[in-house]
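In what follows, a structure is listed as structure tokens, so that the remarks can point back to it.
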Amino acid sequence: MTDVADRAAAGFEREFGGSPAGRWAAPGRVNLIGEHTDYNDGFVLPFALPLRTVAAAQPQAGPRWTVWSELSGETIDFGADEVAEPGRVTDWGAYVAGVVWALREAGHDVPGARLAIASDVPLGAGLSSSAALEAAVLTALVDLGGLDLPAERQPRLAQRAENAYVGAPTGIMDQSAAIRCRDGHALFLDCRTEEVEHIPFDLHAAGLAMLVVDSRAPHRHADGEYAARRRSCEAAAERLGVRALRDVGVDQLDAALARLDDPETRRRARHVVTEDQRVLDTVALLRAGRTREIGPLLTASHVSMRDDFEITVPEIDTAVEAALGAGALGARMTGGGFGGCVLALVGADAADAVADAVTTAYADKGFQAPTHVTVLPAAGAARLD
Ligand code: GLA
């Protein structure tokens with residue numbers, strides 16, 4: 001297949017005639033560690049994938065947005081009325097209209113535009129194709145309109161598009177990764193202050209590789225379960241009298257758990273509090289250049305998601321166990337859960353053997369064959385030309 005940026009430009013020319021004023025790319029992400037901590041004001045450590053969504057764009061007169069998507073093959077068109085209230089533009093168009101809506105809500109004079117969108121980020125694999133779409137459109141509109149919205153303020157706006165216009169109650173991790181990541185680095189993000197530190201994550205130098213296995217598990221009730229986890233965490237924070245679970249340190253965990261009556265709420269809180277600490281421990285090891293040693297933290301994160309947060313599914317657990325059995329240094333589900341991808345940290349020459357072991361374990365259990373790819377940390381959203 002031709003390059004995604006070329007496909008966006010070719011789509012633009014075919015649909016709208018002429019060349020676009022520019023092209024803007026934003027990546028999908030994996031989260032190295034720190035799951036379901038973002039909406040608890042905690043810490044996350046995602047990195048951007050070399051898979052990108054590209055928007056080729058050109059201003060057009062009036063408050064009017066015309067958008068072609070390679071994936072759906074459709075062109076949609078909406079004006080100020082349709083973006084005035086959530087729900088009028090639906091399906092994939094909601095992510096685009098949501099960005100326009102959130103910009104206008106924040107008082108920006110959003111330029112009308114024609115946009116052609118192509119993407120290499122697979123949908124439904126838990127790699128944040130939606131945040132990549134939001135970020136590509138947002139950066140395009142910010143540049144085309146010369147809007148005063150620096151990169152560090154863009155994730156909150158894209159998250160608002162997703163929360164309030166699309167209606168998904170996500171945290172700020174995915175949009176931050178799509179916008180703020182740097183090539184060769186993981187993004188250490190404090191989700192309360194939105195401060196970031198770019199942590200060098202040089203897998204090559206450490207003789208390592210990162211295998212991403214798409215579990216191909218269908219997302220079962222993921223939206224409802226995500227919202228339920230969020231509610232449990234908020235209930236725990238309220239009961240403990242803290243603003244968010246981020247305010248409970250691991251040294252206070254036992255005392256905090258003793259104050260939570262409901263066993264399920266206790267498990268949810270324990271995951272979040274210990275996961276925040278695992279992010280801090282992972283960052284400390286990476287800062288010290290001890291990359292190989294993060295493996296056990298990844299695996300502990302998985303166990304916590306499986307047993308305490310209860311967001312894994314049999315395909316995912318099978319992939320993690322098979323990867324570890326074949327010599328992975330650590331493995332965990334990444335993303336919101338109930339399907340999606342597994343990360344396995346492996347020796348540079350072990351990626352194929354680990355992937356084969358996962359494929360075999362899947363076949364033994366009669367699961368649909370998984371797919372896999374090895375990845376290196378890539379850059380966040382950028383104007384291409
Ligand atoms: C999804 C959400 C994120 C985050 C993760 C879990 O990807 O969009 O905000 O909560 O799940 O870590």
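What you see below is based on every heavy atom in this structure, not just the backbone, and it leaves out hydrogens, waters and symmetry mates. All residue numbers refer to positions in the sequence shown, counting from 1. We count ligands from 1, going down the list as the structure has it; atoms in each ligand are counted the same way.
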Q. So F367 and Y362, would you call those rings parallel, tilted or perpendicular, with 30° and 60° as cut-offs?
A. perpendicular
Q | Which residues share a side chain to side chain donor-acceptor pair (under 3.5 Å) with R229, sequence neighbours left out | A | E225
Q | Note: E105-R160 ion pair, threshold 4.0 Å (strictly below) | A | yes
Q) Any ring pair (Phe, Tyr, Trp, His ring centres under 6.0 Å) pairs touching residues 279-316, not counting sequence neighbours? A) H36-F309, H271-F309
Q. Mind checking whether S128 has an N or O less than 3.5 Å away from an N or O of ligand 1?
A. no
Q: Nearest 0.5 Å please: distance from the OG atom of S119 over to the CD atom of E70.
A: 8.0 Å
Q) Who's closest to atom 1 (C) of ligand 1 heavy-atom-wise, of N163, I311, D174, T170? A) D174
Q: Could you list the atoms of ligand 1 found under 4.0 angstrom from a heavy atom of D38?
A: 3 (C), 4 (C), 9 (O), 10 (O)
Q.
Under 3.5 Å between any N/O of Y226 and any N/O of ligand 1: does that happen in this structure?
A. yes
**Q.** Residue portion contacting ligand 1 (non-hydrogen atoms closer than 4.0 Å) for R29
**A.** side chain
Q. What atoms in ligand 1 come closer than 4.0 Å to a heavy atom of G171?
A. 9 (O)
**Q.** Atom indices of ligand 1 within 4.0 angstrom of M173 heavy atoms, with elements
**A.** 4 (C), 5 (C), 12 (O)
(Q) In this structure, is the centre-to-centre distance between the rings of Y39 and Y226 below 6.0 Å? (A) yes
Q | For atom 11 (O) of ligand 1, closest protein heavy-atom neighbour | A | G336 CA, 3.2 Å
